[in-house]
Amino acid sequence: MSLRNLVIKALPETHRDDAQINNAFDAMMTIYRDQCIVKTKPYDGIIELLDQLKSRSLKLSVLSNKAGELTKKTVAALFPNYFEHVLGLNIEAHKKTNPY
């Protein structure tokens, strides 16, 4: 389910017109952009695993269905210098389970 759909479900049915949905979504994204890493941390053992993989000269990448800018921000904050490429979702229509 997309973030936009979650916003729609969170709004009362009487407030689901396009303007209110867009306002609520934009407000949520503004807050989330600022706060997306506040309570986010790697699972136990992940940094050690990444260190082992890096020591083997493996090229590592991240491919996420999270918004591209948020994926890059999260990876840069939590995993600096581990990943060569970081790619997140940039077009909502391409979200899972889209075969393309």
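Position 1 is the first residue of the sequence; numbering continues from there. Computed from a prediction, not measured in an experiment: that's the story for all the values here.
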Do [X] and [Y] belong together in a cluster built from hydrophobic side chains that touch within less than 4.5 Å?
X: Ile31; Y: Val38; result: no
X: Phe25; Y: Leu6; result: yes
X: Tyr43; Y: Val75; result: yes
X: Met28; Y: Ile37; result: no

Shortest non-hydrogen contact from [X] to [Y]?
X: Lys72; Y: Val86; value: CE-O, 3.2 Å
X: Thr71; Y: Lys66; value: OG1-O, 3.1 Å
X: Arg16; Y: Lys9; value: NH2-O, 3.4 Å
X: Leu3; Y: Met29; value: CD1-SD, 3.9 Å
X: Asp34; Y: Lys73; value: CA-NZ, 3.9 Å

Study note, to complete from the structure: Separation between CG (Leu78) and NZ (Lys41), nearest 0.5 Å, reads 11.0 Å
Exercise for review: To the nearest 0.5 Å, tell me how far His15 NE2 sits from Gln20 CD.
Suggested key: 5.0 Å
Exercise for review: Determine, step by step, whether Phe79 and Thr74 satisfy the side chain to side chain contact (heavy atoms under 4.5 Å, CB included) criterion, reporting the C-alpha distance in whole Å, the side-chain angles of both residues, the deciding distance to 0.1 Å, and the verdict.
Suggested key: CA-CA 8 Å; Phe79 308 109; Thr74 302; 5.6 Å; no
Could you tell me whether the side chain of [Y] reaches within less than 4.5 Å of the side chain of [X], counting heavy atoms only?
X: Ile47; Y: Tyr82; result: yes
X: Asn22; Y: Arg4; result: yes
X: Phe83; Y: Leu50; result: yes

Review point. Does any N or O in the side chain of Lys54 come within less than 3.5 Å of the main-chain N or O of Leu60, such that one atom is a donor and the other an acceptor?
Key: no
Check your understanding: Is atom CG of Asp51 surrounded by more than 12 heavy atoms (other residues, nucleotides or ligands) closer than 6.0 Å?
Key -> yes
Review point. Within a radius of less than 6.0 Å around CD of Glu13, do more than 12 heavy atoms belonging to other residues, nucleotides or ligands occur?
Key: no
